[in-house]
Enquirer: 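Below: one structure in structure tokens.
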Amino acid sequence: MSDLQGNLKKAEAYLARFKRDGVLNQIGGEAVPALDGATFETLSPVDLKPLASVARGGAADIDRAAKAAKAAFPAWAAMPGEARKKLLHKIADAIEARAEEIAFVECMDTGQALKFMAKAALRGAENFRFFADRAPEARDGETLRTTGQVNMTTRVPIGPVGIITPWNTPFMLSTWKIAPALAAGCTVVHKPAEFSPLTARLLVEIAEEAGLPKGVWNLVNGLGEDAGKALTEHPDIRAIGFVGENRTGSMIMKQGAGTLKRVHFELGGKNPVIVFADADLDSAANAVVAGIFAATGQSCVAGSRLLVERSVKDEFLARLKRKAEAIRIGDPQDPATEMGPLATLRQRDWIEKVVAESVAGGGTLVTGGTRPAGSGFYYAPTIIDAGASDLPCVREELFGPVLSVLAFDTEAQALALANDTPFGLASGVFTSNLARAHRMARDIRAGVVWVNTYRVVSPLVPFGGYGLS
Ligand code: NAD
């Protein structure tokens, strides 16, 4: 049996329970369908066949879940931090023990390459461990002296929080938001993305099997415009942690205004990667290719705008083209696959439209711009020599495997192009000039500036951004 066949068999075995039982909500420790019995189907982006039927929660289900989270809050908030720490480490142990299952299920649901998903499962466990270790100090405040007085601040968990996550890397991102909320003593209602809901179900089960008290973590599946909206409007939910598009973030702010919700957002990006002529060009080319094409470009930190010094542009593009064309596209369950399909038809339609408009507007295709064979939502690694910075491929967050290239002549020009975006999430600088690296790191308006590397993310390092990010 080939590696692919073996993996497909394993994936089928892991998926059988979802095919049989569907994906239920989890409220107050019970697996339940939507109150009105509604469901929707989640499709495989590889062969477009239904993977499972999913409970389609609405406002009534959110209300039940919010009440369960509110009821569980006092005891969870009062639990000593050391006890919460132990429990969160137990959840991390259980994630590690089921990492293979998580990777296979996530891979089927999102279409992203298995080797990438295997790392994402383990990173989920790391997130739990990192925040577990902070639980004992979560309530600590400060002592502030003023003349004749000692003042003390304390920190309190805000209450039940709503967590709303996107469809790309859903398992890892859910752990990154839920683990800190639990560590702080908050209870949770999680609304995962409708396009990839399977591993959120595994995650809440893992947490309860590890001993998390009932109602501390509730899961309601459903669409953004009904379950998501209801969660942001619910008066018992005191804050929203959201990862997704900036337009959705803006809607959430409006929806939450009536109940004065606090919000914590991680939004999109149109991230510049700047390559100076004095950089190690081969290592930079590897980083640029991985930076944009990993996860089929469906990553908030995808380095989607390459700014390259004009004197090395032709040579650098030739390297990129060779590397992009060597990427192995295929079934994400195949251990040799480096790039799977896009997650949804909507994504591919949008990417094709923007690439066509950009080429019509004067951009030149260096490679790609086509659909490889296969029934899934495949799209070839694409590089566009954009020429002008007002093309849609340079301005829009595509969330796909499309790299737009602009040339610069001076450091000042490179900086101006890097900052010429309403986003400001991540960026990369490739240079052998240390002073220049420091200047760029100071002046690029992005939450992260990587120097001579890309996409190295640690839970220890703050992850945020400017503007629409
Ligand atoms: P999205 O904004 O369309 O959806 C995200 C979530 O919001 C989903 O669960 C969806 O159901 C929900 N939602 C939609 N409308 C809602 C509403 N009115 N009220 C409440 N919830 C609603 O994003 P997406 O397409 O799933 O994900 C891709 C986006 O996420 C990209 O912009 C990407 O850059 C961003 N992202 C950011 C980060 C980061 O850490 N900065 C990480 C991953 C993805």
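Counting starts at 1 for both ligands and their atoms, following the listed order.
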Enquirer: Quick one: CZ on Phe73 to CG on Asp236, what's the gap to the nearest 0.5 Å?
Expert: 11.5 Å

Enquirer: Relative to the heavy atoms of Cys300, which atoms of ligand 1 are at a distance of less than 4.0 Å?
Expert: 34 (O), 36 (N), 37 (C), 38 (C), 39 (C), 40 (O), 41 (N), 42 (C), 43 (C), 44 (C)

Enquirer: Answer with yes or no whether Phe195 contacts ligand 1, where contact means a heavy atom under 4.0 Å from a ligand atom.
Expert: no

Enquirer: Consider side chain to side chain donor-acceptor pair (under 3.5 Å). Of Lys191, Glu266, Lys177, His190, which one does Thr165 pass it with?
Expert: His190

Enquirer: Heavy-atom contacts with Ile164 under 4.0 Å: which atoms of ligand 1 show up? List them by number with element.
Expert: 6 (C), 7 (O), 9 (O), 12 (C), 20 (C), 21 (N)

Enquirer: Taking Ser404 for its side chain and Ala386 for its backbone only, find out whether a donor-acceptor pair lies under 3.5 Å.
Expert: no

Enquirer: Does Pro192 have a heavy atom less than 4.0 Å from any atom of ligand 1?
Expert: yes

Enquirer: Side chains of Thr421 and Arg305: any donor to acceptor distance under 3.5 Å?
Expert: no

Enquirer: Do Glu397 and ligand 1 have an N or O pair less than 3.5 Å apart?
Expert: yes

Enquirer: Can you tell me how far apart CG (Leu203) and CD1 (Ile178) are? Round to the nearest 0.5 Å.
Expert: 5.5 Å

Enquirer: So with a 6.0 Å cut-off around NZ of Lys19, is the heavy-atom count from everything else above 12?
Expert: yes

Enquirer: Can you check whether Trp176 has an N/O within less than 3.5 Å of an N/O in ligand 1?
Expert: no

Enquirer: Side chain, backbone, both or neither: which applies to Arg346 and ligand 1 if a contact is any heavy-atom pair less than 4.0 Å apart?
Expert: side chain

Enquirer: Do we see a donor-acceptor contact under 3.5 Å between the side chains of Ser283 and Asn452?
Expert: no

Enquirer: Within the 4.0 Å heavy-atom shell around Asn168, which atoms of ligand 1 are there?
Expert: 43 (C), 44 (C)

Enquirer: Looking at Arg247, I'd like to know if its CZ atom is crowded, meaning that more than 12 non-hydrogen atoms belonging to other residues, nucleotides or ligands lie closer than 6.0 Å.
Expert: no

Enquirer: Judged on heavy-atom distance to atom 6 (C) of ligand 1, which of Ile240, Thr165, Asn271, Thr248 sits nearest?
Expert: Thr165

Enquirer: Could you tell me whether atom 40 (O) of ligand 1 has at least one protein heavy atom nearer than 4.0 Å?
Expert: yes

Enquirer: Under 4.0 Å from a heavy atom of Gln255: which atoms of ligand 1 are those, numbered in the order shown and with their elements?
Expert: 17 (C), 18 (N), 19 (N), 20 (C)

Enquirer: I need the contact type for Leu267 against ligand 1. Using non-hydrogen atoms and a strict under-4.0 Å cut-off, is it side chain, backbone, both or neither?
Expert: backbone

Enquirer: Heavy-atom contacts with Ile252 under 4.0 Å: which atoms of ligand 1 show up? List them by number with element.
Expert: 19 (N), 20 (C)

Enquirer: For the backbone of Asn25 and the side chain of Asn221, can you confirm whether one donor and one acceptor N or O come within less than 3.5 Å of each other?
Expert: no

Enquirer: With heavy atoms of Leu425 as the reference, note each atom of ligand 1 found under 4.0 Å away.
Expert: 41 (N)

Enquirer: Can you tell which of Phe242, Phe423, Phe463 gets a heavy atom nearest to atom 7 (O) of ligand 1?
Expert: Phe242

Enquirer: Do any heavy atoms of Met172 fall under 4.0 Å from ligand 1?
Expert: no

Enquirer: Could you establish whether Phe265 and ligand 1 come within less than 4.0 Å of each other, counting only heavy atoms on the residue side?
Expert: no

Enquirer: Numbering the atoms of ligand 1 from 1, which are under 4.0 Å from a heavy atom of Trp167?
Expert: 24 (P), 25 (O), 26 (O), 27 (O)

